[in-house]
**Student:** 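Supplied in structure tokens, the structure appears directly below.
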Amino acid sequence: MRKELDTRYDPKAVEDRLYAHWVKQKYFHAVADETKTPYTIMMPPPNVTGQLHLGHALNLTLQDILIRWKKMQGFNTLWMPGTDHAAIATEVKIVEKMAAEGIKKVDIGREGFMERAWAWYDDVGGVISNQFRKLGVAADWDRERFTMDEGLSDAVLEVFVRLHEKGLIYRGERLVNWCTHCKTSISDAEVEHEDQKGGFWHFKYPVKDMPGTYVEFATTRPETMLGDTAIAVNPNDERYQHLIGKTAVMPILGREIPIIADDYVKTDFGTGMVKITPAHDFNDFEIGVRHNLPKINIMNDDGTINENGGKYAGMDRYEAREAIVLDMDMRNLFVKKEVLENSIGGHDRCRTVVEPLMKLQWFVKMEGLAKPAIDAYKNDELRIVPERFGKVYLHWLENIRDWCISRQLWWGHRIPAYYCACGEVTVAKAAPDACSKCGAVELKQDEDSLDTWFSSALWPFSTLGWPEQTPELAHFYPTNVLVTAYEILFFWVVRMVFSGIEFMGQLPFKDVFIHGIMRDEQGRKMSKSLGNGIDPLEAIENYGADALRFSLTTGNAPGNDLRFYIEKVEASRNFLNKIWNAARFIMMNLGDAEPTAEIDDLTAADRWIIAKANRVAAEVTQNLDNYELGVAADKVYTFMWDEFCDWYIEMAKPRLYNEADTTRDAALWTLRHVLISGLKMLHPFIPFITEEIFTTVGGGDTIMTAQWPVFAAEHDFAAEEAEVEQIKEAIRAMRNLRSNMNVPPSRRAKVFVVSESCEVRGIYERGAKYIMALASAAEVTVQADRDGIEANAVSIVVPGAEIFMPFADLVDIEKEKERLAKEVAKLEQEVGRVTAKLNNPGFVGKAPASIIEEERAKEAKYGEMLAAVREQLKAIGG
RNA sequence: GGGAGCAUAGCUCAGCUGGGAGAGCAUCCGCCUUACAAGCGGGGGGUCAUAGGUUCAAGUCCUAUUGUUCCCACCA
């Protein structure tokens, strides 16, 4: 039963209906089945705070292409979707919402907060995954997971306990990156460095018992002077040898601090003297450890100065800075202020300048975990596409520091550590009944929760049921590829890799396919503050999901950023319409017929397009294998539009319109066959329209499980391809000439094809109907000589033949001479180039035989054509 | 300070392992040719950033330079 199709493709009438149908049919659902070969992708879980943005759209489209393609290849595909609780990002939002109601976290306490948080999750947690569906993604929603699900939370606890048992998780008082706004520690990866011009203040401290002697140093953060516990110089600095071992006095607080020698200090920067503040600077911390210096913390969690800061206590860190500079100046100990270009770390969430603070936190020891992740890449077990990101991956892992995993937040996985008054700390999945040391039953669980990436690091196996040994885990792990933007290589990819190796004994994926990020028309990163974000849902509303997807796929190389142009979506929409109309045309002509054809019935044109489709299938498959999705899409696009629509369909028309044509069925069969092949190759890219047409044209119940086209040697018709290409070239030449001479299509011309070659004449005799249809010829006469052709007919030379078109009244002999003379010049140049090449002993001696053969063929071809054009020019008196 | 990417037609970008420069959009000319004007046919437009080098042959490989974007980094 065939439906009538509109002249314009309307995605609205198709997309939602088909998606609901796919879901209902469980086409996306994967079942563990050991008799099948799995192909698995873990969808990067979006934050539950989010809305679908173009970055997601790009990421999802690429994954969906791979999943749908592999499914058609017969793999047991699983695309695991889910969402991430996004600890800090979400908590900030919930706090904001509460603030609007005039409520603070402390007002309602941890339990009250969590209640609200879960309510909030119930409200908006599913929004984004519902938006994902609009894109047509073939994800297994039946298996959708959330990082705070019971099962995933259990995995988190299991991992924490195991790492702790192995000594890879420890608790310690260290300097951490502290956000004074969010009042939590954050990991190194969450600190964003930004270059800026800042103050560089020079001060001097008096040296004890050496009146008139001062140590002069410079700092970018004068407020940290309050925590100074030493002054350091380079041990080899001749200028300061006499000061080493002496004592300086921090004037404002009157604190006596030693002058020490340490290699860290450079002699050629600043004054060669450095103030040492172990509690507020990562370098100084190390020096403090080396020299056993006291660590004096001068700051509160909110960035104000604490009681160690004397009279500055209570001031904000920047207020204190000003005040201290002023006070030092009053004492004539302020030397000068310079401007210094340096980089400053801010919290990636709120941009607040990060303060290094001493904190008792939980850390993951990274060295041992990083090693196998490094080896996996070096041993080629892990492949990163494009390759250049492999260096970034290695560099990060080779320089990794311990990972601070505790966060002073409530929304997340609470750290499973229990404290007893006796000082004993118990780490266990469940709260112990009593302290194992003293037997006390009053145990307090750690107030902190875990970094959100601690749970997402487990995503590839926690979603499959780990630590339970589920059939899904056995079948679908390890996954095949991880598709993500380069932005989260460190946050997530690296952590999944070492987690997978540590807990599963196997890499979580074989390939990492990295793409770029979406930018606006001007190349700027899309951001909320700039307000330059494009809503993909709006683009889908206006142009359909297929059009959006296709525009995100073509013209982009792996790893490169992508600018969004609505014009590109329009162009994609036009392509969809083209396919739609080609299908309409074919269905109209098919009617109720079910044409059949044997290979022997096929004409040269049929074989030509079949051979082309065959080769495109091979190439596109190869491109997809290499993650060259843009190239793949482009090839199918060109094949379908240029070759199939603009040439083959046009060539089929004369056969279709002639009921008596004995090859009519072969044409119909070929049209339908090639259309379906094309739809299959397009389906991963544009799933909706291809499904709609496929089912309408009787391809089957769904294209999703149709077999992906493979190269078939029996469809490789080289001779016919060459023959049709020859006809195409002739048609193009004739069109070109007509256009040059301003001959309207309505004026049909007689065409004479002259060739001495019997073989060539055969080609043109068979191609006559195409020349008539596509080059506005009234009739085509093929002959061996020029008998009967008007002397002033315009002529063109094509390989192996000359073509004459009598346009008596239109011909301007002078212009003709000009045209032919130009043609001669062009061919002479060609022949000259090729001949020079062939006369070059280096070329003939070293180039591969096939290349030399090609050049020889060119020389012969152009030589022949040149002779013919010269002849024609002579014939009209030129 | 270290590293990476990019620089190709007016614009946005492709161009895989080196073998005569491509697409989309824009532009110009001509077409309502019975699938499609969201279309059809034809055209113009590029010293592939610059300078060297390797090679019979370089947009493609190497080196340097310039411009640009980004990543990493505890120089006070």
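Naming: A, B, ... by sequence-line order, numbering from 1 per chain.
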**Student:** When you get a sec, tell me which of B/G41, B/A76, B/C56 is the closest nucleotide to the side chain of A/R735?
**Tutor:**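 Among the listed nucleotides, the one closest to the side chain of A/R735 is B/G41.
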**Student:** I want to verify a distance call: between B/A4, B/A14, B/G42, whose nearest atom is closest to the A/K391 side chain?
**Tutor:** B/A4
**Student:** Check whether the side chain of A/R573 and the base of B/A38 form a donor-acceptor pair under 3.5 Å.
**Tutor:** yes
**Student:** If I take atom CD in residue A/Q522 and atom P in nucleotide B/C11, what distance separates them, rounded to the nearest angstrom?
**Tutor:**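 Rounded to whole Å, this separation is 15 Å.
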**Student:** Measure from the side-chain heavy atoms of A/V265 and tell me the nearest of B/C56, B/A76, B/C70.
**Tutor:**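 Ranking B/C56, B/A76, B/C70 by closest atom to the A/V265 side chain puts B/A76 first.
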**Student:** Does the Lys NZ or Arg CZ of A/R747 fall within the cation-pi geometry relative to A/F807 - under 6.0 Å from the ring centre and within 45° of the axis?
**Tutor:** no
**Student:** Taking the nucleotide of RNA chain B with the closest heavy atom to each, which residue, A/D195 or A/M273, is nearer the 5' end?
**Tutor:**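 Looking at the nearest nucleotide for each, A/D195 comes out on the 5' side.
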**Student:** Considering only NZ, NE, NH1 and NH2 on the basic side and carboxylate oxygens on the acidic side, decide whether A/R732 and A/E729 come within less than 4.0 Å.
**Tutor:**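 Between A/E729 and A/R732 there is no salt bridge, as every charged N stays at least 4.0 Å from the carboxylate O atoms.
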**Student:** Determine the Euclidean distance between corresponding C1' atoms of B/C13 and B/A26; express it in Å to zero decimal places.
**Tutor:**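 To the nearest whole Å, 14 Å.
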**Student:** What's the gap between B/A9 and B/G59 when it is taken at their C1' atoms, as a whole Å value?
**Tutor:** 14 Å
**Student:** What is the nucleic acid contact for A/Y657, judged by heavy atoms within less than 4.0 Å: base, sugar-phosphate only, or nothing?
**Tutor:** sugar-phosphate
**Student:** Using a strict threshold of under 4.0 Å (side-chain N to carboxylate O), is an ion pair present between A/E818 and A/K815?
**Tutor:** no
**Student:** Counting only side-chain N and O atoms of A/N342, is one of them less than 4.0 Å from OP1 or OP2 of B/C75?
**Tutor:**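 Answer no for this pair, as no side-chain N or O of A/N342 is under 4.0 Å from OP1 or OP2.
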**Student:** Tell me which one of A/F550, A/Y9, A/F639 satisfies ring-ring contact (aromatic ring centres under 6.0 Å, His included) with A/F575.
**Tutor:** A/F550
**Student:** Output the single nucleotide from B/G42, B/A38, B/G19 whose closest atom is nearest the side chain of A/N577.
**Tutor:**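 My answer, after comparing the listed nucleotides, is B/A38.
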**Student:** Looking at B/G39, I'd like to know if its phosphate oxygens (OP1 or OP2) sit under 4.0 Å from a side-chain N or O belonging to A/N574.
**Tutor:**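 So the side-chain polar atoms of A/N574 do come within 4.0 Å of the phosphate oxygens OP1 or OP2 of B/G39, strictly under.
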**Student:** Across all strands shown, which nucleotide pairs with B/U60 by Watson-Crick or G-U wobble geometry, both distances under 3.5 Å?
**Tutor:** none
**Student:** Using a cut-off of strictly less than 4.0 Å, decide whether A/K578 has a side-chain nitrogen or oxygen near OP1 or OP2 of B/C40.
**Tutor:** yes
**Student:** Can you tell me, in whole Å, how much space there is between the P of B/C75 and that of B/G1?
**Tutor:**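 These two P atoms come out 12 Å apart once rounded.
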**Student:** Roughly how far apart, to the nearest Å, are B/C28 and B/U50 at atom P?
**Tutor:** 30 Å
**Student:** A/I852 CD1 to B/G19 P: how many Å, rounded?
**Tutor:**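 From A/I852 CD1 to B/G19 P: 16 Å.
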**Student:** If the C1' atom of B/U60 is compared with that of B/U54, how far apart are they to the nearest Å?
**Tutor:** 14 Å
**Student:** State the pairing partner of B/U55; accept Watson-Crick or G-U wobble contacts with both distances under 3.5 Å, and report none otherwise.
**Tutor:** none
**Student:** Looking at A/E855 and B/A57, is any side-chain donor or acceptor paired with a base atom of the opposite kind under 3.5 Å?
**Tutor:** no
**Student:** Please state how far atom CG in A/N740 lies from atom P in B/G43, giving the value in whole angstrom units.
**Tutor:** 8 Å
**Student:** What is the distance from CD1 of A/I287 to P of B/C75, rounded to the nearest Å?
**Tutor:** 13 Å
**Student:** Rounded to the nearest Å, what distance is computed from the CD atom of residue A/E487 to the P atom of nucleotide B/C72?
**Tutor:**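 The distance from CD of A/E487 to P of B/C72 comes to 10 Å, rounded to the nearest Å.
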**Student:** Provide the Watson-Crick or G-U wobble partner of B/U27, both distances under 3.5 Å; none if there is no partner.
**Tutor:**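 Looking at the geometry, B/U27 pairs with B/G43.
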**Student:** How is A/Y486 classified with respect to the nucleic acid when contacts are heavy atoms under 4.0 Å: base, sugar-phosphate, or nothing?
**Tutor:** nothing
**Student:** Contact class for A/N623 (heavy atom, under 4.0 Å): base, sugar-phosphate, or nothing?
**Tutor:**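 A/N623: no heavy atom of the nucleic acid under 4.0 Å.
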**Student:** Counting only side-chain nitrogens and oxygens, does A/R8 get under 4.0 Å of the OP1 or OP2 atom of B/A38?
**Tutor:** yes
**Student:** Could you give the distance separating B/C11 and B/G46 at their C1' atoms, to the nearest angstrom?
**Tutor:** 14 Å
**Student:** Between B/G15, B/C56, B/C36, which nucleotide has the shortest distance from any of its atoms to the side chain of A/N840?
**Tutor:** B/C56
**Student:** Which nucleotide wins on minimum distance to the side chain of A/S343, given the candidates B/C72, B/A76, B/A73?
**Tutor:**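 Of B/C72, B/A76, B/A73, B/A73 is nearest to the side chain of A/S343.
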**Student:** Nearest to the side chain of A/R584, which nucleotide is it out of B/C36, B/A73, B/C16?
**Tutor:** B/C36
**Student:** Look at the aromatic rings of A/H202 and A/F200 and report parallel, tilted or perpendicular, splitting at 30° and 60°.
**Tutor:**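 Taking A/F200 first and then A/H202, their aromatic rings stand perpendicular (interplane angle over 60°).
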**Student:** Starting at atom CD of A/E570, determine the distance to atom P of B/A38, rounded to an integer number of angstrom.
**Tutor:** 11 Å
**Student:** Could you state the CH2-P distance from A/W641 to B/G24, rounded to the nearest angstrom?
**Tutor:** 8 Å
**Student:** Please determine if A/E643 and A/K728 form a salt bridge, counting it only when a charged side-chain N lies under 4.0 Å from a carboxylate O.
**Tutor:** yes
**Student:** Spell out yes or no: do the side chain of A/K653 and the base of B/A35 have one donor N/O and one acceptor N/O closer than 3.5 Å?
**Tutor:** yes
**Student:** B/C36, B/A76, B/C72: which one has an atom nearest the side-chain heavy atoms of A/H395?
**Tutor:**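 That would be B/C72.
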**Student:** With a 4.0 Å cut-off, would you call A/E355 and A/R221 a salt bridge?
**Tutor:**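 The answer is yes: the pair qualifies as a salt bridge.
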**Student:** Between B/C72, B/U12, B/G41, which one does the side chain of A/D646 approach most closely?
**Tutor:**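 So the side chain of A/D646 is nearest to B/G41.
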**Student:** Does OP1 or OP2 of B/G39 have a side-chain N or O of A/Y9 closer than 4.0 Å?
**Tutor:** no
**Student:** What is the separation between atom CG on A/N560 and atom C1' on B/U8, rounded to the nearest whole Å?
**Tutor:** 14 Å
**Student:** Say we look at B/A4 and B/G41: how far apart would their P atoms be, to the nearest angstrom?
**Tutor:** 46 Å
**Student:** Is there a Watson-Crick or G-U wobble partner for B/A38 with both distances under 3.5 Å, and which nucleotide is it?
**Tutor:**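 The answer is none; no pair meets the criterion.
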**Student:** Answer yes or no: is there a donor N or O on one side and an acceptor on the other, between the side chain of A/D262 and the main chain of A/A232, under 3.5 Å?
**Tutor:** no
**Student:** On RNA chain B, does the nearest nucleotide to A/Y862 precede the nearest nucleotide to A/A582 from the 5' side, or the other way round? Give the residue.
**Tutor:** A/Y862
**Student:** If you measure from the C1' atom in B/U27 to the same atom in B/U12, how many Å do you get, rounded?
**Tutor:** 16 Å
**Student:** Under a 3.5 Å cut-off for both contacts, is B/U68 paired Watson-Crick or G-U wobble with anything, and if yes, with which nucleotide?
**Tutor:** B/G5
**Student:** Between B/C36, B/C56, B/U33, which nucleotide gets closest to the side-chain atoms of A/N581?
**Tutor:** B/C36
**Student:** Under 4.0 Å between a side-chain N or O of A/R563 and OP1 or OP2 of B/C13?
**Tutor:**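 Yes, A/R563 has a side-chain N/O under 4.0 Å of OP1/OP2 on B/C13.
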**Student:** Using the rule side chain to side chain contact (heavy atoms under 4.5 Å, CB included), only one of A/D625, A/N623, A/L624 pairs with A/T621; which is it?
**Tutor:** A/D625
